[in-house]
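Here the structure comes first, spelled out in structure tokens, and everything after it is commentary.
Chain identifiers are assigned alphabetically (A, B, ...) following the order of the sequence lines, protein sequences preceding nucleic acid strands; residue numbering begins at 1 within each chain. As the structure is a computational prediction, the values presented were derived from the model and not from experiment.
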Number of protein chains: 2
Amino acid sequence: MPEKVTIATVARHAQVSRQTVSNVLNSPHLVREETRERVRDAIATLGYRVSQAARQMRTGRSKLLAARIEPTRDGINGSVLDRFLHGLTETAEAAGYRVLLYTAGDRAAEIAAYDDLLGAYDLDGFVLTGTDHGDVRTAWLAERGVPFVTFGRPWDSPERHPWVDVDGAAGAAQATRHLIGAGHRRIAFVGWPAGSGVGDDRRSGWLAALREADLPYADELDRRTVDGITEGAAVTRDLLALAEPPTALVCASDSLAIGALQAARTYPPNGRDLAVTGFDDTPVAQAIGLTSVSQPLGQAAARCIELLTALLDGDVSGGPRAAGQPPSQVLLRPSLVIRQPA
Amino acid sequence: MPEKVTIATVARHAQVSRQTVSNVLNSPHLVREETRERVRDAIATLGYRVSQAARQMRTGRSKLLAARIEPTRDGINGSVLDRFLHGLTETAEAAGYRVLLYTAGDRAAEIAAYDDLLGAYDLDGFVLTGTDHGDVRTAWLAERGVPFVTFGRPWDSPERHPWVDVDGAAGAAQATRHLIGAGHRRIAFVGWPAGSGVGDDRRSGWLAALREADLPYADELDRRTVDGITEGAAVTRDLLALAEPPTALVCASDSLAIGALQAARTYPPNGRDLAVTGFDDTPVAQAIGLTSVSQPLGQAAARCIELLTALLDGDVSGGPRAAGQPPSQVLLRPSLVIRQPA
DNA sequence: TTGTAGGCGTTATCAA
DNA sequence: TTGATAACGCCTACAA
């Protein structure tokens with residue numbers, strides 16, 4: 001059984017003191033080049049790796065970040081988080097961090113999870129997803145000076161913290177313009193109940209594009225419902241039954257869009273032609289040839305890590321954030337993936 | 001700024017020595033009940049949590065498990081891993097473990113990741129996914145006595161290690177029987193190139209069900225291709241062009257099944273009726289009303305954690321596994337989700 | 001430029 | 001039943 005390789009093993013092997021090895025690791029400029037090389041050789045041949053546990057005890061930094069993995073709700077939108085997580089892990093690795101997973105049924109459980117993770121593993125920071133109005137989580141973390149970034153804007157509270165988000169309004173506007181360009185004049189919006197930051201944002205893009213093209217706003221074409229395939233189908237049947245039905249739909253999610261397509265295809269007696277766009281470019285959209293707004297999730301994840309590590313490096317103490325530098329915000333532009341229904 | 005609560009703080013508060021607090025935590029039976037209560041009160045009021053880092057230095061156990069998050073390959077099958085990971089995290093939490101994520105482009109990178117994770121974070125164990133023939137990863141881990149479980153059977157090598165898997169043959173057989181029950185007599189199989197353990201397994205279920213029903217095997221109905229929508233469509237067009245085309249298809253994945261459906265719908269001149277079953281019950285299947293074989297992923301994840309923690313508890317030393325108890329294997333039965341195409 | 005001493009929070013060992 | 005002591009591997013002073 002091979003002996004555990006510590007900093008002492010390396011020191012012995014390279015004929016230097018333990019401290020010199022530590023210097024090579026943390027402040028290489030202090031060590032003479034020749035010595036440095038010798039130590040690096042020893043490290044390589046012995047396969048030494050610093051023990052994060054031991055380092056953490058001295059420095060208080062664990063090089064661990066946390067992210068939540070949600071219970072695949074809808075199933076369709078689930079893959080969004082999946083791709084985001086993958087990007088997060090990849091970028092974090094490059095920055096010398098690891099991502100720890102946690103689950104939480106509700107906000108209270110999530111805060112309990114923070115407490116546990118912080119206490120037991122001394123996490124360096126958090127990446128929160130799915131912000132909503134009056135998010136209690138950010139308040140809790142900010143209060144304790146825990147570094148964090150959110151993927152999603154803080155929708156109301158003026159709390160200032162770093163965040164990354166995708167411009168949903170721009171995405172919806174692109175989709176709407178695409179439909180207008182294809183000759184549509186009556187374009188409905190199917191979104192989520194007012195009050196959902198994300199939903200309202202996307203709706204505003206639809207509105208803006210209509211205005212831009214001098215198309216009138218009609219209240220009957222502005223619909224809200226809970227997310228889901230069946231809900232999307234129900235709303236669509238409603239819309240198609242109007243005296244002057246829309247010829248195209250901008251949907252706030254792929255789930256709604258799929259429902260819309262199904263409803264249109266089976267609308268009595270022989271189905272109805274209806275152009276539909278979705279949101280999130282999920283695998284389902286890809287599979288059925290649905291035009292959808294694609295979020296740059298890999299990029300978003302990378303920017304989250306960037307922001308977080310910047311915070312971490314400027315905040316070695318772990319104490320409250322220095323008031324000096326303002327937190328950064330990043331708004332990414334989505335892109336429209338145009339497809340032909342298969 | 002609140003002082004950091006350590007075992008010493010608790011000891012002072014409860015008027016005992018540090019060691020007694022440690023005993024309350026790890027060997028409560030050694031401590032008199034009255035003292036125990038006092039210490040527990042102190043722990044609660046102070047909000048003390050043991051520092052995993054410090055504990056790890058003494059015990060060598062990190063309470064950390066690792067799992068790989070794959071780059072959403074196909075997009076469609078990606079969500080399978082997603083759901084598995086969620087189950088893993090949830091069950092691990094209940095067992096007092098946390099899940100650390102890592103990525104790896106290929107097998108070599110994956111082994112490098114093991115090395116890093118083991119060296120730096122001193123991980124307690126690994127959950128591997130997607131085993132294939134002659135998996136080098138399991139050999140590497142076994143050689144070093146690192147505890148691990150695979151989700152997926154070791155397909156050839158007689159290496160004995162704990163694993164959890166879903167009975168793909170049983171799933172394919174169920175799908176085939178369902179089609180037979182619906183009156184189909186010419187049922188094709190669309191799977192992956194021979195040599196893929198998972199693919200061969202699923203194919204064998206189709207074969208068995210045919211035999212069971214005294215249906216003849218026809219070579220021309222036994223197809224293999226790379227996974228993907230377009231590939232599935234191509235194979236299906238091929239099949240439909242046969243002199244005696246099949247009326248139903250059992251597919252080894254939802255991707256292939258989707259391709260098959262698209263090909264059938266657009267088969268000249270007016271499309272062709274074709275019953276299709278998929279595999280994995282992905283969100284896409286749900287969305288388009290595809291009958292598919294569903295894997296009990298949450299259960300699989302839970303069994304993985306069970307097996308792994310059992311290993312961990314019996315293997316405190318971290319050394320080679322005790323030869324005494326044979327590793328456990330778990331084969332779960334999938335279920336068929338029957339749907340009507342929407 | 002390199003080496004020595006001490007301590008981070010915990011648990012194992014041993015003594016009281 | 002409880003308490004003192006040492007050690008896990010590392011890093012930050014400080015001294016040489």
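Relative ring orientation between A:Phe84 and A:Phe151 is described as parallel, the plane-to-plane angle staying below 30° on a 0-90° scale split at 30° and 60°.
One finds no side-chain N or O of B:Thr6 lying less than 4.0 angstrom from the OP1 or OP2 phosphate oxygen of C:dG9. Phosphate contact (OP1/OP2 of D:dT12, side-chain N/O of A:Arg58, threshold under 4.0 Å): absent. The phosphate of C:dT2 has OP1 or OP2 within less than 4.0 Å of a side-chain N or O from A:Arg32. OP1 or OP2 of D:dC10 sits under 4.0 Å from a side-chain N or O of A:Tyr48. For A:Thr35 and C:dT2, the shortest distance from a side-chain N or O to OP1 or OP2 is below 4.0 Å. Residue B:Ser22 places at least one side-chain N or O under 4.0 Å from the OP1 or OP2 atom of C:dT11. Dashed line: the shortest gap from a side-chain N or O of A:Thr59 to OP1 or OP2 of D:dC11 is not under 4.0 Å. Close to D:dA4, at under 4.0 Å from its OP1 or OP2, lies no side-chain N or O of B:Ser17.
At least one donor-acceptor pair under 3.5 Å links the side chain of B:Glu93 to the backbone N or O of A:Thr103.
Using a 4.0 Å cut-off between charged nitrogen and carboxylate oxygen, B:Glu306 and B:Arg303 count as a salt-bridge pair. Using a 4.0 Å cut-off between charged nitrogen and carboxylate oxygen, B:Arg98 and A:Asp116 count as a salt-bridge pair.
When the C1' atom of D:dG9 is taken as reference, atom CE of B:Met57 falls 4 Å away, rounded to whole Å. For the pair B:Gln19 CD and C:dA15 C1', the interatomic distance rounds to 13 Å; values are reported in whole Å. Rounded to a whole Å, the CD atom of B:Gln15 is 14 Å from the C1' atom of D:dT2. Atom CZ in B:Arg38 sits about 14 Å away from atom C1' in D:dG3, given to the nearest Å. Rounded to whole Å, the distance from CD on B:Glu33 to P on D:dT1 is 11 Å. Atom CD1 in A:Ile7 sits roughly 15 Å away from atom C1' in C:dC8 (whole-Å rounding). Rounded to whole Å, atom P of D:dG9 lies 15 Å from atom CD of A:Gln52. Atom CZ in B:Arg55 sits roughly 9 Å away from atom P in C:dA12 (whole-Å rounding).
B:Tyr102 and B:Glu110 form a side-chain donor-acceptor contact under 3.5 Å, judged by distance and modelled atom types alone.
In the set D:dG9, D:dT2, C:dT10, the nucleotide with an atom closest to the side chain of A:Lys4 is D:dG9. Taking every side-chain heavy atom of A:Arg18 into account, C:dA5 is the closest of C:dT2, D:dT5, C:dA5.
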